[in-house]
Amino acid sequence: MAAPSSRLQKHLLRLCARKAGIKQILFPQNISSTPAKSLVVRGKLSGRCALQKQLKNGFIPHQSCSHCLSTDPAQQTRVLTEVDPFQLIEQELHTLCDDIKAELVNSKKELQTITQYYFDGKGKSFRPAVVMLVSKALNSHTVASERLLPSQKRVAMIAEMIHTASLIQDDVIDDSKTRRGKESVHMTWGHRKAIFSGDFILSVACIALARIRNERVVTILSQVIEDLVRGEFMQLGSKEDEDERFAHYLKKTFKKTASLIANSCKAVAVLGDCSEQVAELAYNYGRNIGIAFQLIDDLLDFTSCEAVLGKPTAADLSLGLATAPVLFAAQEYSELHPMIMRRFSSEGDVMRARDLVAMSDGVAQTRMLAEKHSQEAIKLIRQLANSQTRIALEQIAELVLKRKK
Amino acid sequence: MQFLTRIPIQAGVSCKSRVWKCVKYYPFLQAKRFVFWGTSKANDWNKAVSDAEKIVGYPTSFMSLRCLLSDELSNVAMHTRKLVGTKHPLLKTARGLLLDGKHSLQTRGLIVLLVSKAAGPSSVLDDDQDMVSGIYPRQRNLAEITEMIHTANLIHKGVVNLSDLVEADGSLQDMAFGNKMSILSGDFLLANACTGLAQLQNTKVVEIISSAIGDLMEAEFTEMKDSDGLPVLPTSVKFSHWLQQTFLSSGSLLAKSCLSAVTLANHNEEVQEAAYSFGENMSYAHQLSEDLKPFLRPDSDLQDFSLTSAPVIQYAQSFGTTTTFSLMDMDLKQLLNGVLSGHAVEECRSLCNEYAEKSLQSLDIFIDSDAKQALVNIVKATTQL
């Protein structure tokens with residue numbers, strides 16, 4: 001919380017800021033009056049390296065950083081506005097894929113090839129990044145050391161493995177032909193082997209999880225696996241009642257996406273010996289980030305083009321799924337209700353629904369809801385002691401809204 | 001080559017018609033290979049099992065009712081009706097679970113419970129009062145988890161490669177739907193197994209059972225399986241191939257479940273090794289007896305034997321490196337006669353006895369009890385061919 005007092009601290013902060021592409025940091029004169037906004041960033045931000053890195057990772061932080069600072073009064077005085085969240089954990093992220101691949105080494109070469117297929121370092125690694133940053137922020141909150149515990153790194157790895165296993169299976173269920181810009185597993189190796197590979201990745205993740213030797217963490221993360229399946233089941237049916245439908249959608253979104261992030265965050269809090277209260281905070285931060293993330297995902301399905309996304313668009317409608325933009329649009333255009341009920345199965349339903357969503361406020365409202373969750377996440381994480389990683393986590397919450405794929 | 005890799009030698013499906021495509025999608029019938037029960041000596045087996053069930057204090061149905069009665073599985077059951085008229089394997093698997101349930105479903109769980117009881121109460125834990133019929137609640141949960149994993153695997157094995165479909169199988173849409181239901185219900189059982197494992201509050205057991213799940217998956221990627229899960233004879237096949245396949249596809253789960261059962265009661269390493277070895281050897285003995293059955297029936301009708309069954313592999317092994325080449329020229333009848341004319345059947349029979357004997361030796365570590373006797377009876381029923 002304290003503003004940098006010593007020269008050394010200031011120097012370190014400048015160093016970090018420079019790493020993150022920030023040219024100048026002004027330290028406030030009156031420390032006591034602005035405890036939460038102790039660092040004010042001003043001036044032109046080139047931020048090229050940060051920007052490029054995030055572009056590579058599929059995140060676009062701001063159209064232009066300097067633009068943001070000058071036009072948005074709410075953001076005029078902000079806490080160290082631009083750190084590069086991904087750079088803070090670059091090293092750990094760098095070895096992540098290799099660590100996972102090492103876990104998946106197997107005497108059955110084909111099994112190894114398939115299970116390692118998606119761990120090529122080209123994924124967003126969004127989940128492990130959040131988990132690692134949360135770990136660091138929590139560690140500096142509780143023990144004033146950012147150092148990532150090995151067990152926390154394992155959790156980040158397990159989260160990515162569980163996520164990938166579920167991707168493989170989802171792609172079989174939804175018959176998605178491409179994933180992360182390449183052919184889906186089942187297109188190359190067939191449906192059966194895709195399923196077995198998914199199960200195998202899951203079993204290896206469970207072994208890694210067990211080896212952390214913490215019963216509580218095992219319980220927390222096994223809940224994720226159950227949530228993923230239950231979420232998938234929830235996607236099978238549509239609710240008759242309108243209000244129920246939205247609640248159903250949000251619950252499904254939690255189970256399918258947010259549960260993994262929320263529970264992983266909680267797990268690293270438990271491993272970091274945090275209090276119950278802080279563990280709950282981490283959980284809720286992850287939950288809000290996760291829901292915002294999925295809302296944007298559902299939104300991009302309507303607004304983005306295939307080339308950017310790496311997977312087919314309007315895919316949800318074709319699968320019969322009514323996501324937030326459609327559900328919002330249905331409040332304006334009631335002709336969407338019967339389409340939702342029949343899961344867009346009649347001819348022309350998908351096109352018509354797409355047009356109606358485009359005419360409605362559905363996309364804007366979805367974005368607003370996502371923003372609400374993102375703000376909630378920021379509010380929560382600000383309760384932690386101030387640190388580089390905490391700021392990065394605030395930024396992650398914003399990046400989630402701005403991603404293009 | 002085409003001939004060999006395409007032989008769908010599966011139980012209950014006539015191969016005479018040679019309509020390969022038609023019988024391709026019955027991998028679930030391999031389930032029969034694991035069923036601790038056969039027709040010839042069914043009575044011995046049934047008696048051993050029903051006696052054993054009394055000993056563990058529960059009638060049947062270890063597959064948790066909680067799971068079967070869940071919204072999720074009822075949903076699957078409802079949707080599965082749409083598959084009637086197609087050849088999707090899920091239909092048969094589901095039917096098998098319900099009709100055959102009494103015999104096929106619970107034997108693994110039953111053995112886990114018997115081993116738990118035979119090993120007795122823990123010397124470290126002093127919560128004997130929690131025991132029901134000499135078994136800890138957590139051991140019962142474990143038995144249920146073992147069944148769930150096995151069933152999930154059966155269901156996932158029924159996923160069909162949609163790219164090799166032929167018209168007779170059903171429409172692409174129906175088959176894709178069948179896949180979806182199979183994947184979801186299998187995942188559901190696996191996920192429940194995961195949360196169940198976590199509740200055992202023993203990370204060692206979580207690790208052991210997770211590795212058993214991994215082994216089941218590995219079993220689908222060996223040289224003895226093609227991409228549709230049908231049996232294939234690798235070139236220069238050896239009996240060690242059979243052992244590995246049997247271990248991965250059934251031995252591992254049973255051995256590791258038995259190991260976990262005694263681990264949960266904090267029994268020492270010696271007991272753990274014995275439990276593991278019992279499960280492993282019991283699996284080999286049982287699989288050998290299952291593989292032998294078609295060859296012992298005088299009226300054997302080419303229906304029930306698998307290309308990768310132990311007697312065929314014993315026979316093929318004698319061909320050395322020319323296996324595939326030599327067997328390629330034979331049709332099924334010739335292959336059957338070939339196996340019958342040599343020593344393969346006798347060798348497998350004595351191997352079966354050998355593994356049964358090994359599994360019985362592992363039980364020596366336990367003091368005499370009704371549970372131990374029940375295990376002995378089950379092993380003996382297995383070897384009575």
Side-chain angles (χ1 to χ4, degrees), chain A residues 104 106-115 162 165-166 169-170 172-175 186-187 189-230 232-237, chain B residues 27 70-73 75-76 79 152-153 156-164 176 179-223 225 227-229 248:
Chain A
L104 292 169
N106 190 279
S107 61
K108 311 288 173 293
K109 284 294 161 237
E110 193 184 23
L111 179 60
Q112 183 179 323
T113 311
I114 303 176
T115 51
I162 294 176
S166 80
Q169 307 221 343
D170 284 359
V172 179
I173 291 175
D174 301 341
D175 198 27
H186 69 275
M187 296 301 288
W189 288 281
H191 297 68
R192 291 184 92 248
K193 288 196 167 166
I195 294 305
F196 293 129
S197 305
D199 289 350
F200 185 78
I201 295 175
L202 206 60
S203 75
V204 173
C206 284
I207 294 173
L209 174 59
R211 286 190 181 148
I212 294 177
R213 300 277 175 251
N214 183 318
E215 275 98 21
R216 182 124 187 259
V217 169
V218 172
T219 306
I220 291 169
L221 288 180
S222 64
Q223 184 61 43
V224 172
I225 297 171
E226 193 180 315
D227 281 345
L228 283 170
V229 182
R230 286 192 191 265
E232 196 66 43
F233 269 98
M234 288 180 80
Q235 224 163 275
L236 282 179
Chain B
S70 65
D71 282 354
E72 281 81 1
L73 287 193
N75 214 336
V76 169
H79 284 300
N153 188 232
H156 274 180
K157 279 191 200 173
V159 171
V160 169
N161 286 331
L162 295 178
S163 51
D164 345 314
N179 270 358
K180 184 172 172 172
M181 289 298 118
S182 298
I183 296 165
L184 285 179
S185 43
D187 282 352
F188 182 74
L189 290 172
L190 274 184
N192 272 282
C194 271
T195 40
L197 273 178
Q199 280 162 15
L200 297 178
Q201 297 290 313
N202 185 319
T203 57
K204 196 82 210 161
V205 170
V206 175
E207 184 179 346
I208 296 168
I209 298 292
S210 300
S211 81
I213 299 176
D215 288 342
L216 289 174
M217 302 310 137
E218 237 184 83
E220 298 300 315
F221 290 85
T222 63
E223 301 166 89
K225 290 279 179 102
S227 58
D228 293 317
L248 291 176

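Chain naming here is simple, since letters A, B, ... match the order of the sequence lines and numbering starts at 1 in each.
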Worksheet entry | From CZ (A/Phe200) to CD (B/Glu218), nearest 0.5 Å | 5.5 Å
Discussion item. As an exercise, state the distance from SG of A/Cys206 to CG of B/Leu197, rounded to the nearest 0.5 Å.
Written reply: 7.5 Å
Item to complete: May I ask you to test the B/Asn153-A/Phe196 pair for a side-chain heavy-atom distance under 4.5 Å?
Response: yes
Practice prompt. For residues B/Phe221 and A/Asn106, determine if any side-chain heavy atom of one lies less than 4.5 Å from a side-chain heavy atom of the other.
Written response: no
Fill in: Rounded distance (nearest 0.5 Å) linking atom OG of B/Ser163 with atom NE2 of A/His191
7.0 Å
Worksheet item: Does B/Glu207 reach the side chain of A/Arg211, with side-chain heavy atoms less than 4.5 Å apart?
Response: yes
Response to the item:
One option among A/Ile114, A/Val172, A/Ile207 has the most heavy-atom pairs under 4.5 Å with chain B, and it is A/Ile207
Practice prompt. Mind listing the closest non-hydrogen atom pair of B/His156 and A/Asp199 along with its distance?
Written response: ND1-OD2, 2.6 Å
Discussion item. How long is the straight-line distance from CD of B/Glu223 back to NZ of A/Lys108, given to the nearest 0.5 Å?
Written reply: 8.5 Å
Item to complete: Under 4.5 Å heavy-atom distance to chain B, tell me which part of A/Leu236 shows up: side chain, backbone, both or neither.
Response: side chain
Fill in: Nearest heavy-atom neighbours spanning B/Lys180 and A/Ile173
CG-CG2, 3.6 Å
Discussion item. Heavy-atom pairs under 4.5 Å with chain B: which of A/Glu110, A/Glu226, A/Arg213 has the most?
Written reply: A/Arg213
Item to complete: Name the option with the most non-hydrogen atom pairs under 4.5 Å to chain A; the candidates are B/Val206, B/Asn179, B/Leu162, B/Ile208.
Response: B/Leu162
Worksheet entry | Per-residue contact mode, A/Asp227 against chain B (heavy atom under 4.5 angstrom) | neither
Worksheet entry | Contact origin within A/Ile195 toward chain B - heavy atom pairs under 4.5 Å | side chain
Worksheet item: If you count heavy-atom pairs under 4.5 Å with chain A, which of B/Cys194, B/Ala198, B/Ser210 comes out on top?
Response: B/Ser210
Item to complete: Select one option (side chain, backbone, both, neither) describing which atoms of B/Asn202 are under 4.5 Å from chain A's heavy atoms.
Response: backbone
Discussion item. Would you say that B/Gln199 contacts A/Thr219 through its side chain, given a criterion of any heavy-atom pair below 4.5 Å between the two side chains?
Written reply: no
Discussion item. So for B/Ser182, is it side chain, backbone, both, or neither that comes closer than 4.5 Å to the heavy atoms of chain A?
Written reply: neither
Worksheet item: Can you say whether A/Leu202 sits under 4.5 Å from chain B via the side chain, the backbone, both, or neither, judging by heavy atoms?
Response: neither
Worksheet entry | Closest-packed option against chain B by number of heavy-atom pairs under 4.5 Å, given A/Ser203, A/Gly198, A/Gly190 | A/Ser203
Worksheet item: Do B/Thr203 and A/Leu209 touch side chain to side chain, with heavy atoms closer than 4.5 Å?
Response: no
